[in-house]
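Contents: one structure, followed by commentary.
So that the names make sense, note that chain A is the first sequence line, chain B the second, and so on, each numbered from 1.
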Number of protein chains: 4
Amino acid sequence: MTISAAMGAQRQLRRDAAENRELLLAAAAQVFAEQGLAAGVEEIARAAGVGVGTLYRRFPTKEALVAELVQDVLEKMSALADEATLVPSGQGLERYLEASSAYQAEHRGCLPKLWNISPDNEALVRVRRTIARLLAEAKHHGQVREDVTATDLTMLMWSIRGVIETTRDIAPDAWRRHLALLLAGLRPSSAPLGHRPMTRAQVDQVLADPS
Amino acid sequence: MTISAAMGAQRQLRRDAAENRELLLAAAAQVFAEQGLAAGVEEIARAAGVGVGTLYRRFPTKEALVAELVQDVLEKMSALADEATLVPSGQGLERYLEASSAYQAEHRGCLPKLWNISPDNEALVRVRRTIARLLAEAKHHGQVREDVTATDLTMLMWSIRGVIETTRDIAPDAWRRHLALLLAGLRPSSAPLGHRPMTRAQVDQVLADPS
Amino acid sequence: MTISAAMGAQRQLRRDAAENRELLLAAAAQVFAEQGLAAGVEEIARAAGVGVGTLYRRFPTKEALVAELVQDVLEKMSALADEATLVPSGQGLERYLEASSAYQAEHRGCLPKLWNISPDNEALVRVRRTIARLLAEAKHHGQVREDVTATDLTMLMWSIRGVIETTRDIAPDAWRRHLALLLAGLRPSSAPLGHRPMTRAQVDQVLADPS
Amino acid sequence: MTISAAMGAQRQLRRDAAENRELLLAAAAQVFAEQGLAAGVEEIARAAGVGVGTLYRRFPTKEALVAELVQDVLEKMSALADEATLVPSGQGLERYLEASSAYQAEHRGCLPKLWNISPDNEALVRVRRTIARLLAEAKHHGQVREDVTATDLTMLMWSIRGVIETTRDIAPDAWRRHLALLLAGLRPSSAPLGHRPMTRAQVDQVLADPS
DNA sequence: AATGAATGAGTGTTCATTCAT
DNA sequence: TATGAATGAACACTCATTCAT
């Protein structure tokens, strides 16, 4: 066997490896969405058309696979936030909230663990920065009351996640009603909100808490 | 031994049994709160200071224990709703939402889904009736917009539960901020909410769904 | 309380104790017959109308209760054998085999353990002596071939026990057909049986074997 | 790695798997023989030198393992019956009874009830058909009385099983004496047997009874 | 002496992870 | 490298036995 052939084989293997990785992530997303996080790894491997050994070659533990899935979701959120910045008149925030909620609703399952993210996670930092911009613009256009903070929006998304997890099987877009109520709550008002917002540090701690 | 002494002994035994029952429910609430519903029965028994056999003497299955816990919470909610009816000027609803959320925050986790309740459950029927009254009165006093339904309030509580579960360890009353936002959303407004509410049947299905 | 009253109470208790004993044995016989030896002690106590504690006061272990039941069966067998000696013309043996099989069929359940008897057990010694007499008389009247031994009869009863255990639920008197075949085998014949009989010592070992 | 090498590996894996399967069946047969069907799966796995997980990979439940054992015995019985058809002069039946009893004696206990067999089981149908032929031929050669039925032979084997279970540890071939007696009972005689035989339907019910 | 609540070792079964092939 | 067979700790649940009342 020649060197180039060996390298070709290597390259081939690398490509296969990458393919397997994507295959596994997609399979896991689907299986978790259908059966919840309690689904077995064997099931995921089968859905991906590989053996469990291959799964464990790509991801050291089931938890790591979930973390990867969460990372993917975060990247998607970041992309959605970026797209929302193109919406004019301060309505990007609303667009983002709707789009990211819809995405969560379609990819439920790994979401219970949307914690366990390091606060230094690059995608997290990015999406936060973008959301801060969307929020500022929304306030600037008078779409959102001045006393709303970025941490309020984080909490808002946790709240929608709770609704999605609870209702998805029976009423897949019930969350839209809840979002409508939340948006109504965000609108400008003379009455101040009745409690201080979470601090950024608290939010970071929540995300990092592995419980 | 006299009859009264015998009865005393009987009562004593019964009291012990009842004590153990309460002990087990309390232990289960705590352990589930700390570790989630996946916590083992052995752990719960240990926390209650009894053997697993005793747990199974009181509750035929783990699921039955959970159901009992849920029932207890429901009873408490019903009591809180009843108390809230005494608040004047249509502000009972707000009082109820705050009180029941605070109760959940203190007893978090026992009930990741407020699980497996029959729609015919008497306590559920009662609490729903009371909440409907609180809602009607709030509307009547102009505290709440006309297009809010009882199912919106159910969803609202699911959403608060999601926030509580996520934040409790780090920011035990962060949910108050979220509730403030929700209450702001409930206030009268000329703009209609952007999505139809869940139907009662859907809510019933969600509650009965064992997933 | 006077001494005589105390003694009266004592006597009362003694009578109750004996009553309870019989009650428990009867209950155990019935429950084992219905559900097999795997039936729980709680079930037996309930059938006897007492608590498990009382059962354990009378019998140190479940196994001891079974042993007592076995002893009762043995006593009954002995009585049946005695009655059979009154049958004329050497047909007492046949009578005994039929009667003891019928008794076993009605009291199945403890019988799987009709071993575990000490070879010195008085009732066992008695029934053996009587059966030996019945066998000798049957031979004397030409009802049974000469080369049949007492140990053959023991084995014969094990064989019937096996048939009873297997068929009782579906065909409660199928054993009668099997006994008819065995009796036909016992009839005189010029052809010798093809294998030496068990020794008495072997039978004793089988009975004493706790496996 | 070449395809043939890969297939070799595959075959190797499959052979190992099959080996483990046989190992487990043999271990189960032995453990059940020694301790009865109540023996734990852990014990069986240990006897086979594997973990419980492996046992459960091969057999979905303990019951399935037992069923497999029973099936194996049935297949063996069928083979023995087939061999016996080669014996001339109507003595094949006797040969079969001896051979199948000897087999049971060596594999005792695996099957306290020859358990849970569907009456449609192919091996059962086969062995029955062959035994019917052996019986007809035995009658034709005047070796067996005319009023003996196939169900009598089934009961006969249950009876031998009872004797084997009882005596095997102490007198491993005591059953031969019992079989001799049974064979004597099968010989032609003018006196009819004293009870009707079991029906085929009753036998089927006994086999299917899981008690 | 009688009760039945309490016990905990044991059961059959599952599943994340490892490792021989 | 990819496979899936093997592993064994963990799970929910049972039951013979003990012991406070």
Side-chain angles (χ1 to χ4, degrees), chain A residues 9-10 12-14 16-17 20 38-43 45-46 50-63 65, chain B residues 1 5-6 8-17 20-21 38-43 45 49-63 65, chain C residues 9-10 12-14 16-17 20 38-46 50-63 65, chain D residues 1 5-6 8-17 19-21 38-43 45 49-63 65:
Chain A
Q10 254 188 342
Q12 181 63 39
L13 286 169
R14 280 210 201 103
D16 284 352
N20 273 340
V41 290
E42 207 114 15
E43 182 101 5
R46 190 180 324 122
V50 303
V52 279
T54 303
L55 188 157
Y56 275 89
R57 167 164 295 276
R58 299 297 164 220
F59 306 93
T61 63
K62 183 184 181 183
E63 203 179 343
L65 170 59
Chain B
M1 189 190 276
Q10 257 188 342
R11 250 188 275 118
Q12 185 61 36
L13 280 169
R14 285 209 191 108
R15 184 144 59 70
D16 279 0
N20 264 337
R21 220 190 115 84
V41 291
E42 199 118 16
E43 184 96 5
V50 303
V52 275
T54 301
L55 188 156
Y56 277 93
R57 170 168 287 273
R58 301 294 163 217
F59 306 95
T61 62
K62 181 186 182 182
E63 201 179 340
L65 170 59
Chain C
Q10 252 189 342
Q12 183 61 36
L13 287 168
R14 279 210 201 105
D16 283 355
N20 273 338
V41 291
E42 206 114 18
E43 182 101 4
I44 293 165
R46 192 181 321 122
V50 304
V52 280
T54 302
L55 188 157
Y56 273 88
R57 166 164 295 277
R58 301 296 164 221
F59 306 94
T61 64
K62 183 185 182 182
E63 204 180 343
L65 171 59
Chain D
M1 190 190 275
Q10 257 188 340
R11 249 188 275 121
Q12 186 60 37
L13 280 169
R14 283 207 193 113
R15 184 144 58 72
D16 281 358
E19 258 173 29
N20 264 336
R21 220 189 115 84
V41 290
E42 200 118 19
E43 183 95 6
V50 303
V52 277
T54 303
L55 189 157
Y56 275 92
R57 170 168 287 273
R58 300 297 163 211
F59 306 94
T61 62
K62 181 187 182 181
E63 200 177 343
L65 171 58

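Nearest-nucleotide mapping onto DNA chain E: of D/A38 and B/G49, the residue sitting toward the 5' end is B/G49. Comparing C/T61 and B/G40 by the nucleotide of DNA chain F whose heavy atom lies nearest to each, the residue mapping closer to the 5' end is B/G40.
Put simply, CD on D/E63 is 18 Å from P on E/dT11, counting in whole angstrom units. Taking atom CZ on A/R57 and atom C1' on F/dG4, their separation rounds to 14 Å, with Å as the unit. The nearest whole Å value for the distance from the CZ atom in D/F59 to the P atom in E/dG12 is 15 Å. Between D/L55 atom CG and E/dT13 atom P the separation is 9 Å, expressed in whole Å. The distance between atom CG of C/N20 and atom C1' of E/dA2, rounded to the nearest whole Å, is 9 Å. Separating the CG atom of C/L65 from the C1' atom of F/dT17 is a distance of 14 Å, rounded to the nearest angstrom. Atoms CZ (A/R46) and P (F/dT3) sit 14 Å apart, rounded to a whole Å. When the P atom of E/dG12 is taken as reference, atom CD of D/E43 falls 11 Å away, rounded to whole Å.
When all heavy atoms are compared, the tightest approach of C/A45 to C/L55 is N-CD1, 4.2 Å. The shortest heavy-atom contact between A/K62 and A/Y56 is N-OH, 4.2 Å.
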Exercise for the section: Given side-chain contact (heavy atoms from CB on, under 4.5 Å), test C/I44 with C/L65 step by step and report yes or no. Expected result: CA-CA 11 Å; C/I44 293 165; C/L65 171 59; 4.3 Å; yes
Practice task
Any chance you could encode DNA chain F as dot-bracket? Rule is Watson-Crick or G-U wobble with both distances under 3.5 Å; [ ] for pairs crossing earlier ones, | for another strand.
Solution key: .||||||||||||||||||||
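Within 4.0 Å (heavy atoms only), D/A45 reaches no atom of the nucleic acid at all. At a threshold of 4.0 angstrom between heavy atoms, the contacts of D/A39 are confined to the sugar-phosphate backbone, with no base atom among them.
Checked against side-chain hydrogen bond (donor to acceptor under 3.5 Å, both in side chains), B/E42 has no partners two or more places apart in sequence or in another chain. With sequence neighbours excluded, no residue satisfies salt bridge (Lys or Arg N to Asp or Glu O under 4.0 Å) with A/R57.
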Show each protein N/O and nucleotides 8-10 of chain E N/O combination with a separation under 3.5 Å, one pair to a line.
none

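The shortest distance between the side-chain N/O atoms of A/R58 and the OP1/OP2 oxygens of F/dA2 is below 4.0 Å. For E/dT14, neither phosphate oxygen OP1 nor OP2 lies less than 4.0 angstrom from any side-chain nitrogen or oxygen of D/Y56.
Checked against F/dT1, E/dT13, E/dT17, the side chain of D/K62 finds its nearest nucleotide in E/dT13.
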